There are 2 protein chains.
Amino acid sequence: MKNNQEKKYLDNWLSITNIQMGITNELESALQKNHNLSLKEFYVLYFLSKTSDKQLRLQQLQDMVGLSQSAISRLVVRLEAKSCGVLQRQICEDDRRGIYTRLTTLGEEKLQISLNTVHEILQSALSKGNLQEELQSLIQKL
Amino acid sequence: MKNNQEKKYLDNWLSITNIQMGITNELESALQKNHNLSLKEFYVLYFLSKTSDKQLRLQQLQDMVGLSQSAISRLVVRLEAKSCGVLQRQICEDDRRGIYTRLTTLGEEKLQISLNTVHEILQSALSKGNLQEELQSLIQKL
DNA sequence: ACCTTTTAAATGCATGATGATACAATTAAA
DNA sequence: TTTAATTGTATCATCATGCATTTAAAAGGT
């Protein structure tokens, strides 16, 4: 009895993981192909765009995107260098240890276009049935 | 209106991703700490244990675990070398291109012990409310 | 039988992630 | 002030992963 229940937990978990990976891979390759962005790079732009002044310190980004401190540092450096002009790093004047990563106008435009791709994929993946309500109630319980 | 719905998709997606990452990280570090196994390594042992003759070709493992062909090849080689004796690779005699990865008795024991750790974590993460039923209905719809 | 094509796994290489460490700036204490 | 501890980033070494290529075996067409 105990074992059956445990098997169910694990197998449900594996199913969730599969679904997650599937959608993640779709997002990855569509963003890469259409906008030359990785998924995490997209997340960076998205989280920046949601703030009032379009900028965040590295540590805040780190928590939101879910990367290590060193990984987010390098991701932002790479992204600034690569996608010429979608974001700018600049020293935070009131605490000169800090670095602001700021979304440029160009970056906002790029984000808006990329959002279309993301929404398309998520919609077709998540719009079935009454999935939204179920998801939300699920998320609240977790 | 359209934008609101789209935001909901994306934000729900981000919530799911967060939850997934959280549990994944818990599993990773508990397995690493208690059993010196990575999560993917654990999955390999688990999928092997579910087969009737405790062995699988690399390609089958690849699909189950969700790694590329090269990655699963190396993962299995590493795991065989490292966790002395939990699994054995051997040439498949009826098709000498193939490699069987076989779970040893020692490996089954190790898996059983590791399963306790995994179940513990999943239980505390997934056992709340009537989450199981909700999850299953969700999974079926996706 | 012989040659081509396909298939399974291994390998070289580039990339991106992490943890440990280094460095610079800030804060707190003496 | 000077000094010690903390905090925010950057850098380094290491490692796992994916793609492209290679090797070996099997299958198929002539």
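Given the structure is predicted, the values throughout are model-derived calculations rather than measurements.
Within residues 65-74 of chain A, the residues that place at least one heavy atom under 4.0 Å from DNA chain C are, in residue-number order, A:Leu67, A:Ser68, A:Ser70, A:Ala71, A:Arg74. Listed in residue order, the members of residues 86-97 of chain A having a heavy atom less than 4.0 Å from DNA chain C are A:Asp95, A:Arg96, A:Arg97. Within residues 19-37 of chain A, no residue has a heavy atom under 4.0 Å from DNA chain C.
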Would you be so kind as to tabulate the donor-acceptor pairs closer than 3.5 Å made by side chains of residues 72-79 of chain A, with sequence neighbours excluded?
none

Taking only distance into account, with no hydrogens and no angle test, what donor-acceptor pairs under 3.5 Å do side-chain atoms of residues 52-64 of chain A form with protein atoms, sequence neighbours excluded?
from    : atom 1 : to      : atom 2 : distance (Å)
A:Lys54 : NZ     : A:Ser49 : O      : 2.8
A:Gln60 : OE1    : A:Arg57 : N      : 2.9

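For CD of A:Gln90, the number of neighbouring non-hydrogen atoms (other residues, nucleotides, ligands) closer than 6.0 Å is greater than 12. Other residues, nucleotides and ligands contribute at most 12 non-hydrogen atoms within 6.0 Å of the CD atom of A:Glu120.
A donor atom on one side chain and an acceptor atom on the other are not found under 3.5 Å apart for B:Gln123 and B:Ser127.
Distance A:Gln62 CD to C:dG19 C1': 13 Å, rounded to the nearest Å. One can place CD of A:Gln59 at 15 Å from P of D:dT6, the figure rounded to the nearest angstrom. Note: CZ (A:Arg57) to P (C:dA25) measures 14 Å, nearest angstrom. Remark: P of C:dT15 and NZ of A:Lys82 are 12 Å apart, rounded to the nearest angstrom. C:dT15 atom P lies 16 Å from atom CG of A:Leu79, rounded to whole Å. Atoms CG (A:Leu75) and C1' (D:dA10) sit 14 Å apart, rounded to a whole Å. In this structure, B:Leu61 places its CG atom 14 Å from P of C:dA8, rounding to the nearest Å. The nearest whole Å value for the distance from the CG atom in B:Leu58 to the P atom in C:dT7 is 17 Å.
Between B:Arg78 and the phosphate of D:dT17, there is a side-chain N or O to OP1/OP2 separation shorter than 4.0 Å.
End-to-end axis angle of the helix from C:dA1-D:dT30 to C:dA30-D:dT1, from C1' rotation axes over five pairs per end: 10° (rounded to 10 degrees).
The backbone N or O of B:Asp11 sits less than 3.5 Å from a side-chain atom of B:Ser15, completing a donor-acceptor pair. Not one N or O on the side chain of B:Thr117 forms a donor-acceptor pair closer than 3.5 Å with the backbone of B:Leu31. Side-chain atoms of A:Glu108 do not come within 3.5 Å of backbone N or O of A:Thr105 as any donor-acceptor pair. A donor-acceptor pair under 3.5 Å is absent between the side-chain atoms of B:Glu28 and the main chain of B:Asn25, judged by distance alone. In terms of modelled atom types and a separation under 3.5 Å, the side chain of A:Lys110 and the main chain of A:Gly85 share no donor-acceptor contact. With A:Thr101 contributing its side chain and A:Arg89 its backbone, the two residues share no donor-acceptor pair below 3.5 Å.
Test B:Thr24, B:Thr17, B:Asn18 against B:Gln20 for side chain to side chain donor-acceptor pair (under 3.5 Å) and you get one pass: B:Thr24.
Looking only at side-chain heavy atoms (C-beta outward), B:Leu27 and B:Phe42 stay at 4.5 Å or farther from each other.
Note that CD1 of B:Ile16 and CD1 of A:Ile23 are 7.0 Å apart. Values are rounded to the nearest 0.5 Å.
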